[in-house]
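A short write-up of the structure that comes next.
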Amino acid sequence: MAKSSAIKDAEALLHSLRSAYTATPTNLKIIDVYVLFALFTGVIQVVYMAIVGSFPFNSFLSGVLSCIGTAVLAVCLRIQVNKENKEFKDLPPERAYADFILCNLVLHLVIMNFLG
């Protein structure tokens with residue numbers, strides 16, 4: 001049985017993405033793993049809430065919003081640290097990491113305040 005053109009196109013796309021991602025610097029790959037971990041943790045919390053229930057709903061919201069906020073801040077860090085991004089060429093990586101840490105601190109202070 002011959003493969004359809006859609007499957008061939010999908011395989012070619014995945015192959016080109018994989019080969020392009022191998023050229024990605026290690027620090028960006030580490031940030032990518034962190035983003036995936038934060039999103040996976042949020043998904044686990046949603047599944048847990050669906051199975052067990054959401055008695056302290058503000059705790060559930062705090063956990064999920066913390067995961068989503070952390071992932072968004074990590075994506076912003078990845079954009080700023082990427083050397084190929086010309087928009088942030090004048091921004092030193094130390095400043096980007098400091099912004100990430102400060103914004104995470106503010107995010108988690110707000111989350112802790114929301115918990116009550």
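Index from 1, following the sequence.
What you find for Ala96 and Val81 is that their closest heavy atoms are CB-CG2, 4.0 Å. Of all heavy-atom pairs spanning Leu28 and Asn82, the tightest one is CD1-OD1, 3.6 Å. Across all their heavy atoms, Leu61 and Phe114 have their closest contact at CB-CE2, 3.9 Å. Minimum heavy-atom separation, Ser66 to His108: OG-NE2, 3.0 Å. When all heavy atoms are compared, the tightest approach of Thr70 to Leu107 is N-CD2, 3.7 Å.
Met49 places none of its side-chain heavy atoms less than 4.5 Å from the side chain of Ser59. Two residues are said to be in side-chain contact when any heavy atoms from C-beta on lie closer than 4.5 Å; Lys83 and Pro25 fail this criterion.
To the nearest 0.5 Å, atom CG of residue Leu65 and atom CG of residue Asn58 are 11.0 Å apart. Atom CG of Asp99 sits about 4.5 Å away from atom CZ of Arg95, to the nearest 0.5 Å.
Residues that satisfy the side chain to side chain contact (heavy atoms under 4.5 Å, CB included) test with Leu105, not counting sequence neighbours, are Leu109. Taking the side chain to side chain contact (heavy atoms under 4.5 Å, CB included) definition, one finds that Ile79 meets it with Val75, Asn85, Phe88, sequence neighbours left out. Residues passing the side chain to side chain contact (heavy atoms under 4.5 Å, CB included) test with Val52 are Tyr48, sequence neighbours excluded. Take Leu17 and apply the side chain to side chain contact (heavy atoms under 4.5 Å, CB included) test, not counting sequence neighbours, and it matches Leu13.
Although no hydrogens or angles enter the test, the distance criterion places no donor-acceptor pair under 3.5 Å between the side chain of His15 and the main chain of Glu11.
Tracing side-chain contacts under 4.5 Å through hydrophobic residues (I, L, V, M, F, W, Y), one never reaches Val106 starting from Tyr97; they form parts of separate clusters.
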Show me, pair by pair, the donor-acceptor contacts under 3.5 angstrom made by side chains of residues 29-44, not counting sequence neighbours?
from, atom 1, to, atom 2, distance (Å)
Asp32, OD1, Arg78, NE, 2.5
Asp32, OD2, Tyr21, OH, 2.6
Asp32, OD2, Arg78, NE, 3.4
Asp32, OD2, Arg78, NH2, 3.3
Thr41, OG1, Phe37, O, 2.7

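The list of ring-ring contact (aromatic ring centres under 6.0 Å, His included) pairs with a residue in residues 60-87, not counting sequence neighbours, reads Phe57-Phe60.
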